[in-house]
Colleague: 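There's a structure below that I have some questions on.
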Amino acid sequence: MAAQNTFKFERINKDDVALLVIDHQVGLFQLTRDIQADQFRNNVLAHAELAKVFNLPTVLTTSAETGPNGPLPKEILDMHPNAPLIKRNGEVDAWDNEDFRKAVKATGKKQVIIAGITTDVCTAFLALSLRAEGYTVFANAEASGALSKRIADDANARMRAAGVHVLSMFAIMSDLMRDWRNTPGSTQLLPFLDKYLAVYGYLARGHAAAVDRGTILPGESE
């Protein structure tokens, strides 16, 4: 008799998820060596803007920001002027900070999307703590950075072993959207992708240009 398939596909529910920005501080940015710097900056801002596009409750946190770690990027602060910003003075795992725990619990959500610097500490420690508290956790791998690819790979494996879903930004966006006909849908997400995922943005631009003023060249048609 074949074993019963017990796999359960856990989807992101845009009505039951909060987004967390963990220690994406300007001083810590240099600790990210597993991804090109300008690409990582793009990914960090995309992570934060997902919350704006989908109107997700958002919690920001920093660690010792008056020291060398520095503040969050101005762009993120401008995106979320009314979001709780928990300035931790010493706790490495954000969950160890009472104000942060209260802010996350106050969202009333059972799912969380997270990303931080570094993948092996800021993201992984919090992800494991959230799993222990019963949350469904989706880690944005592209907006979490580490000192090396090996460190990032090991941290992602550790999180996956604990049931954390480690995804790309595009996968997170797509699961939040579900259907291009939804709202937010193509009207909101194609401009987002044009800004943060150039290959898809230019795919859409190319299609629009072809429809608006394109001409099929001899030998081009299938």
Side-chain angles (χ1 to χ4, degrees), residues 4-22 24 35 39-60 75-76 78-83 104-116 119 123 126-127 130-131 134-144 156 159-160 162-214 216 221-222:
Q4 185 177 0
N5 184 358
T6 59
F7 172 76
K8 179 183 177 182
F9 182 18
E10 291 186 278
R11 307 290 300 274
I12 304 177
N13 179 356
K14 68 179 181 181
D15 298 318
D16 194 26
V17 69
L19 185 138
L20 311 182
V21 175
I22 313 300
H24 281 139
I35 184 171
Q39 185 178 357
F40 185 62
R41 174 184 179 274
N42 177 82
N43 296 347
V44 165
L45 298 181
H47 175 77
E49 193 160 331
L50 277 172
K52 283 194 65 177
V53 175
F54 289 96
N55 194 29
L56 306 179
T58 305
V59 179
L60 316 175
E75 296 94 329
I76 293 178
D78 288 345
M79 281 184 207
H80 301 288
N82 300 316
V104 173
K105 291 177 180 179
T107 68
K109 308 303 182 182
K110 298 177 183 177
Q111 299 183 342
V112 290
I113 299 167
I114 70 172
T119 308
T123 301
L126 177 58
L130 288 166
R131 287 292 296 136
Y135 288 90
T136 300
V137 182
F138 300 89
N140 184 345
E142 292 183 291
S144 297
N156 287 329
M159 286 190 283
R160 288 190 180 102
V164 176
H165 303 280
V166 181
L167 304 175
S168 68
M169 180 278 291
F170 188 53
I172 291 170
M173 185 218 80
S174 297
D175 206 17
L176 283 165
M177 180 181 66
R178 300 282 181 97
D179 190 316
W180 289 102
R181 297 165 295 181
N182 284 341
T183 301
S186 63
T187 301
Q188 296 77 26
L189 272 306
L190 286 177
F192 172 86
L193 291 170
D194 190 69
K195 186 176 182 180
Y196 293 116
L197 189 61
V199 289
Y200 208 102
Y202 272 66
L203 179 152
R205 288 193 194 199
H207 176 249
V211 171
D212 288 344
R213 53 188 176 274
I216 296 176
S221 174
E222 61 182 8

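Source: prediction; values computed, not measured.
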Colleague: Ile76 versus Val44: any side-chain heavy-atom pair under 4.5 Å?
Modeller: yes
Colleague: Does Thr123 reach the main-chain N or O of Ala115 with its side chain, forming a donor-acceptor pair under 3.5 Å?
Modeller: no
Colleague: Might you point out which heavy atoms bring Leu60 and Ala83 nearest each other, and give the distance in Å?
Modeller: CG-CB, 4.3 Å
Colleague: Looking at Val166 and Met159, what are the two nearest heavy atoms and their distance?
Modeller: CG2-CB, 4.3 Å
Colleague: Please round to the nearest 0.5 Å and tell me the distance separating atom CG of Asn13 and atom NZ of Lys110.
Modeller: 10.0 Å
Colleague: Heavy atoms only: give me the nearest Ser144-Thr119 pair and the separation to one decimal.
Modeller: C-OG1, 3.2 Å
Colleague: If you look at every heavy atom in Trp180 and Leu193, which pair is closest and at what distance?
Modeller: CH2-CD1, 3.8 Å
Colleague: Kindly indicate whether the side chain of Ile35, heavy atoms from C-beta on, has any atom under 4.5 Å from the side chain of Glu142.
Modeller: no
Colleague: Thinking salt bridges, do Arg11 and Asp175 make one under a 4.0 Å N-O criterion?
Modeller: yes
Colleague: In Å and rounded to the nearest 0.5 Å, what is the OH to CD1 distance from Tyr135 to Ile114?
Modeller: 12.5 Å
Colleague: Can you say whether the rings of Phe138 and His165 are parallel (under 30°), tilted (30 to 60°) or perpendicular (over 60°)?
Modeller: parallel
Colleague: Got a second to check how far Lys195's NZ is from Glu49's CD, nearest 0.5 Å?
Modeller: 4.0 Å
Colleague: Hey, which of Val104, Leu56, Asp16 is the one that makes side-chain contact (heavy atoms from CB on, under 4.5 Å) with Lys109?
Modeller: Asp16
Colleague: Using 30° and 60° as the class limits, which term best fits the ring planes of Tyr200 and Phe170: parallel, tilted or perpendicular?
Modeller: tilted
Colleague: Are Met173 and Leu197 close enough that some pair of their side-chain heavy atoms sits under 4.5 Å apart?
Modeller: no
Colleague: Just verifying a value: how many Å separate Leu50 CG and Leu19 CG, rounded to the nearest 0.5 Å?
Modeller: 6.5 Å
Colleague: Search all heavy atoms of His24 against all heavy atoms of Ala143 and return the closest pair with its distance.
Modeller: NE2-O, 2.7 Å
Colleague: Yes or no on side chain to side chain contact (heavy atoms under 4.5 Å, CB included) for Gln188 and Phe54, after CA distance, side-chain angles and deciding distance?
Modeller: CA-CA 9 Å; Gln188 296 77 26; Phe54 289 96; over 6 Å; no
Colleague: Ignoring hydrogens, what is the shortest heavy-atom contact between Met169 and Asn140? Give both atom names and the distance.
Modeller: N-OD1, 3.7 Å
Colleague: Once you round to the nearest 0.5 Å, how far does CG of Leu189 lie from OG1 of Thr183?
Modeller: 10.0 Å
Colleague: Working to the nearest 0.5 Å, report the span between NE2 of His80 and OG1 of Thr58.
Modeller: 4.5 Å
Colleague: Can you find a pair of side-chain heavy atoms, one from Leu176 and one from Val17, that are under 4.5 Å apart?
Modeller: yes
